[in-house]
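Heavy atoms only: backbone and side chains are in, while hydrogens, waters and symmetry mates are out. What you see is a predicted model, and the numbers here were worked out from it, not measured in a lab.
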Amino acid sequence: MTNHRLLLISRDDISRVASSKEGDQLFKALARLTRGDYELLATAPQPDKWSKEHGGPDDTLLGPDSIRRRLAEAGGLLEGVYYVPKSLLTQKRNREQALHDMMSRYAVKPRHCFLFSSSGKFVKAATEIGIKAVYLGKDRSLLTELEKLID
């Protein structure tokens, strides 16, 4: 696939919109993008401790009422989840390495990679390496930014 693009969105940002009144619209927009040229990869901080039990943050991605299921019902596909390692002293480097690793795994250049996050530091790291990154805050919503990609 020569024209594919990588769409990186935080698990927490997807979950916030998914549980709002705009949830169905979000999944329709994501489905439309993933049926086209976009591959969707959710990002999440690496947990301090891995657990096999349900009820943790990963249920929002993979559990019974998950992002993956809701997206599939809308006709879309979540490629996977990338866990960004956490470290107090090397967090900036971890973010940069994670972004490079994701692009490498999906064989995309920074200009074909889009990141949407409410983490200013993650957006800054992405921007510094040439990824089209958008900070989600009061003035910018995930749904509005995704709809811009569709148009």
Report yes if the side chains of Leu146 and Leu26 come closer than 4.5 Å at any heavy-atom pair, otherwise no. yes

Side-chain donor/acceptor of Arg32 to backbone N/O of Ile150, under 3.5 Å: no

Identify the heavy atoms of Ala31 and Gly75 that sit nearest to each other, and give their distance. CB-C, 3.8 Å

What pair of heavy atoms forms the shortest contact from Pro85 to Asn94, and how long is it? O-ND2, 3.3 Å

Glu96 CD to Ile131 CD1 distance, which is reported to the nearest 0.5 Å: 10.0 Å

Do you know which two heavy atoms are closest between His4 and His112, and how far apart they sit? O-CB, 4.0 Å

If you look at every heavy atom in Phe116 and Glu145, which pair is closest and at what distance? CE2-CB, 3.4 Å

Which atom names give the shortest non-hydrogen contact between Ser117 and Asp13, and what distance separates them? CA-OD2, 3.3 Å

Does some side-chain heavy atom of Arg16 sit less than 4.5 Å from a side-chain heavy atom of Ser118? yes

With a 4.5 Å cut-off on side-chain heavy-atom distances among I, L, V, M, F, W and Y, is there a chain of contacts connecting Met102 to Val108? yes

CA sep, side-chain torsions, deciding dist, call: Ser104, His100, side chain to side chain contact (heavy atoms under 4.5 Å, CB included): CA-CA 6 Å; Ser104 175; His100 282 293; over 6 Å; no

When clusters are formed by joining ILVMFWY residues with side-chain heavy atoms under 4.5 Å apart, either directly or through shared neighbours, do Phe27 and Leu41 land in the same one? no

What closest approach, in Å, do Leu142 and Val17 show between heavy atoms, and which atom pair accounts for it? CB-CG2, 4.1 Å

Quick one: pull up CD in Gln46 and OH in Tyr82 and give me the separation to the nearest 0.5 Å. 9.5 Å

What verdict does the side chain to side chain contact (heavy atoms under 4.5 Å, CB included) test give for Leu99 and Leu8, after you've listed the backbone C-alpha separation in whole Å, the side-chain angles of each residue and the deciding distance to 0.1 Å? CA-CA 9 Å; Leu99 291 165; Leu8 306 172; 3.9 Å; yes

Can you get from Val123 to Leu40 by hopping between Ile, Leu, Val, Met, Phe, Trp and Tyr side chains that sit under 4.5 Å apart? no

Under 4.5 Å between any side-chain heavy atoms of Leu71 and Ile14, yes or no? no

Donor-acceptor pair, distance only, cut-off 3.5 Å: does the side chain of Thr34 make one with the backbone of Leu77? yes

With side chain to side chain contact (heavy atoms under 4.5 Å, CB included) as the test, would you mind laying out the steps for Ile9 and Phe114 before giving the verdict? CA-CA 8 Å; Ile9 307 174; Phe114 300 81; over 6 Å; no

How far apart are the C-alpha atoms of Leu7 and Leu30, what are their side-chain angles, what is the distance that settles it, and do they pass the side chain to side chain contact (heavy atoms under 4.5 Å, CB included) test? CA-CA 10 Å; Leu7 186 57; Leu30 287 170; 4.1 Å; yes

Run the side-chain contact (heavy atoms from CB on, under 4.5 Å) test against Thr144 and tell me which residues pass, sequence neighbours left out. Ser141, Lys148

Out of curiosity, does Leu33 fall in the hydrophobic cluster containing Tyr106 (side-chain heavy atoms, cut-off under 4.5 Å, transitive links)? no

Quick check for you: to the nearest 0.5 Å, what is the distance between Arg70 atom CZ and Leu78 atom CG? 13.5 Å

Interatomic distance, OG@Ser20 vs CD@Glu22, rounded to 0.5 Å, equals 5.0 Å

Check whether the side chains of Ser119 and Arg95 place a donor and an acceptor atom closer than 3.5 Å, and report yes or no. no

Distance from Arg111 atom CZ to Arg5 atom CZ, nearest 0.5 Å? 9.5 Å

Residues Arg105 and Asp101 bridged, charged N to O under 4.0 Å: yes

Give, for atom CD of Glu73 and atom CZ of Arg68, the distance between the pair rounded to the nearest 0.5 Å. 13.5 Å

What about Val84 and Tyr135, same hydrophobic cluster or not, with Ile/Leu/Val/Met/Phe/Trp/Tyr joined at side-chain heavy-atom distances under 4.5 Å? yes

